[in-house]
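Numbering of ligands and ligand atoms starts at 1, following listing order.
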Amino acid sequence: MASAAGVQLQNKNHNNQQSGSTAGFIGFGNLPNQIHRKLAKRGFELTLMVVGESGLGKTTLINSLFQRDLHSQQHLSNAAQEQLYSSIKIEPSTINIEECGVKVRLTIINTPGYGDSINCTDNYKSILNYIDNQFELFFNAESGLNRRNISDNRVHCLFYFISSLARGLKPLDIECMKALHHKVNIIPIIAKADALTSDELIQMKQNIIEQMHGHHIQIYQIPDCDADEDEELKEKNIQLKSCLPFAIISSTQCFEAKGKQIYGRIYPWGLIDIENSNHSDFLKLRNMLIIHMQDLQQVTHEFHYENYRLEKLQLKKYDEPQRKLLQEKDNELRRMQDLLCKVQGQLAEKL
Ligand SMILES: Nc1nc2c(ncn2[C@@H]2O[C@H](COP(=O)(O)OP(=O)(O)O)[C@@H](O)[C@H]2O)c(=O)[nH]1
Ligand SMILES: [Mg+2]
């Protein structure tokens, strides 16, 4: 932590930036080689939802993670994605990031109004509806004949913000996570961790883990790295896994201290650099998202969406042998659709 003396606020607040134009380097270009190669080829679509009570720092975190001012980003025009619910808004915005040849189309879905009304039960129902609607749109697109250019707007990851004042999960947090954990990859976040001492933070992380265990809440399981990844990445990954839930201090204000530019928060006793891992898991959270972007998408497709699809096809009501048979038929249909799609592509190339 730097002392407050000699610290100067730079005129480089994200809120002063023009929409997406002068944003800084995020790190997608620093992807581990294997992941970089895969992503660079085809680009990447990631949808991230942020949920938590007003004032917990959702907008600040997103703006500092991606070095953009989301308020000035264009909202998606797709009417299906701009549903307004009675007490909570579902607000998607999309940013295109390109770093070192890696293209990422990132959609952030903010949920202002969550937890603000007296009866909040409907809040997570709106979120649930939204997630299901995206599954449905994908399901319909996938079942159609033209499967070549399906846009994937399914929610791949959900940051759930927990207030540091509560010292654990509140009943609404538990209810909401229980309703969503089979639908989406939940990453729990302790908001405004600067309100806690180191001991309080350790205790709070433990309380949350115990509560999640007790209520059988399954959050996103950060996977191990491939065996052939380099040792530095493996070590980084072990640290990521051990620090859940991520304790976050974030800021979009840039200060100059000791000749360095630092995004941080200033207090009477000094300056906290949000990228300093001794104070905040901010960098770990960003690394997690970058390193495991592909896994988040894969788990969404193979686990959460597959659950939705099986329910939709009502396969769950059949017994095991019947289900197997139906699933085989369904797989065959998918293979034929893929083949058709391939032939369509080849024809289009020839024409
Ligand atoms: N102390 C502290 N304040 C924060 C932090 N993150 C955001 N804030 C402040 O909290 C207030 C609400 O933040 P905002 O991002 O608008 O919250 P949202 O309503 O969840 O989107 C703003 O004044 C932020 O500057 C943090 O990590 N620590
Ligand atoms: Mg906000």
Side-chain angles (χ1 to χ4, degrees), residues 1-2 4 7 9-10 12-17 19 48-73 75 82 84-85 87-95 106-117 120 123-124 126-127 130 157-167 170 172-173 176 186-198 200-201 204-205 208 243 245-255 262-286:
M1 193 184 300
V7 171
L9 178 62
Q10 297 280 292
K12 202 184 167 191
N13 194 325
H14 297 135
N15 298 323
N16 296 331
Q17 291 178 356
S19 172
L48 165 67
M49 190 175 226
V50 286
V51 177
E53 290 163 34
S54 292
L56 289 185
K58 299 183 294 297
T59 304
T60 310
L61 173 63
I62 292 303
N63 286 348
S64 47
L65 265 185
F66 302 112
Q67 310 209 348
R68 301 289 199 284
D69 177 9
L70 270 194
H71 286 302
S72 60
Q73 302 296 322
H75 287 250
E82 289 196 344
L84 269 178
Y85 298 93
S87 57
I88 169 177
K89 275 194 216 167
I90 308 278
E91 278 187 359
S93 27
T94 293
I95 48 178
L106 183 70
T107 300
I108 310 286
I109 303 169
N110 199 357
T111 55
Y114 173 83
D116 292 351
S117 53
C120 303
N123 285 183
Y124 68 76
S126 305
I127 295 168
Y130 183 88
C157 180
L158 184 147
F159 287 175
Y160 191 92
F161 284 64
I162 301 158
S163 169
S164 50
L165 300 177
R167 306 292 152 99
K170 292 191 208 171
L172 176 64
D173 301 331
C176 182
I186 297 178
I187 311 274
I189 284 176
I190 299 175
K192 298 189 174 178
D194 48 335
L196 301 167
T197 65
S198 311
E200 286 168 343
L201 184 58
M204 180 158 175
K205 284 194 176 190
I208 292 173
C243 89
F246 293 102
I248 295 297
I249 302 171
S250 61
S251 168
T252 51
Q253 283 199 313
C254 186
F255 297 88
I262 289 172
Y263 281 98
R265 300 196 79 83
I266 198 151
Y267 306 85
W269 56 89
L271 173 76
I272 283 184
D273 174 359
I274 60 167
E275 297 196 2
N276 181 335
S277 302
N278 293 325
H279 304 306
S280 169
D281 296 329
F282 177 85
L283 270 192
K284 291 196 181 103
L285 179 66
R286 188 193 264 166

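- Atom CD1 of Ile248 and atom CG of Leu61 lie 6.0 Å apart (nearest 0.5 Å).
- Between Tyr124 and Val51 the shortest side-chain heavy-atom distance does not fall below 4.5 Å.
- Within the coordination shell of the Mg ion (ligand 2), defined by N, O or S atoms under 2.8 Å, Asn110 is absent.
- A 4.5 Å side-chain heavy-atom check between Ser64 and Tyr263 finds every atom pair outside the cut-off.
- Annotation: ligand 1 has protein neighbours Glu53, Ser54, Gly55, Leu56, Gly57, Lys58, Thr59, Thr60, Lys192, Asp194, Ile248, Ile249, Ser250, Arg265, each with a heavy atom less than 4.0 angstrom from the ligand.
- Separating the OH atom in Tyr160 from the CD1 atom in Ile208 is a distance of 10.5 Å, to the nearest 0.5 Å.
- Residues Thr107 and Thr94 bring a donor and an acceptor atom of their side chains to less than 3.5 Å of each other.
- Ring-plane geometry between Tyr267 and Trp269 is classed as parallel, the angle between the planes falling under 30 degrees on a 0 to 90 degree scale with a further cut at 60.
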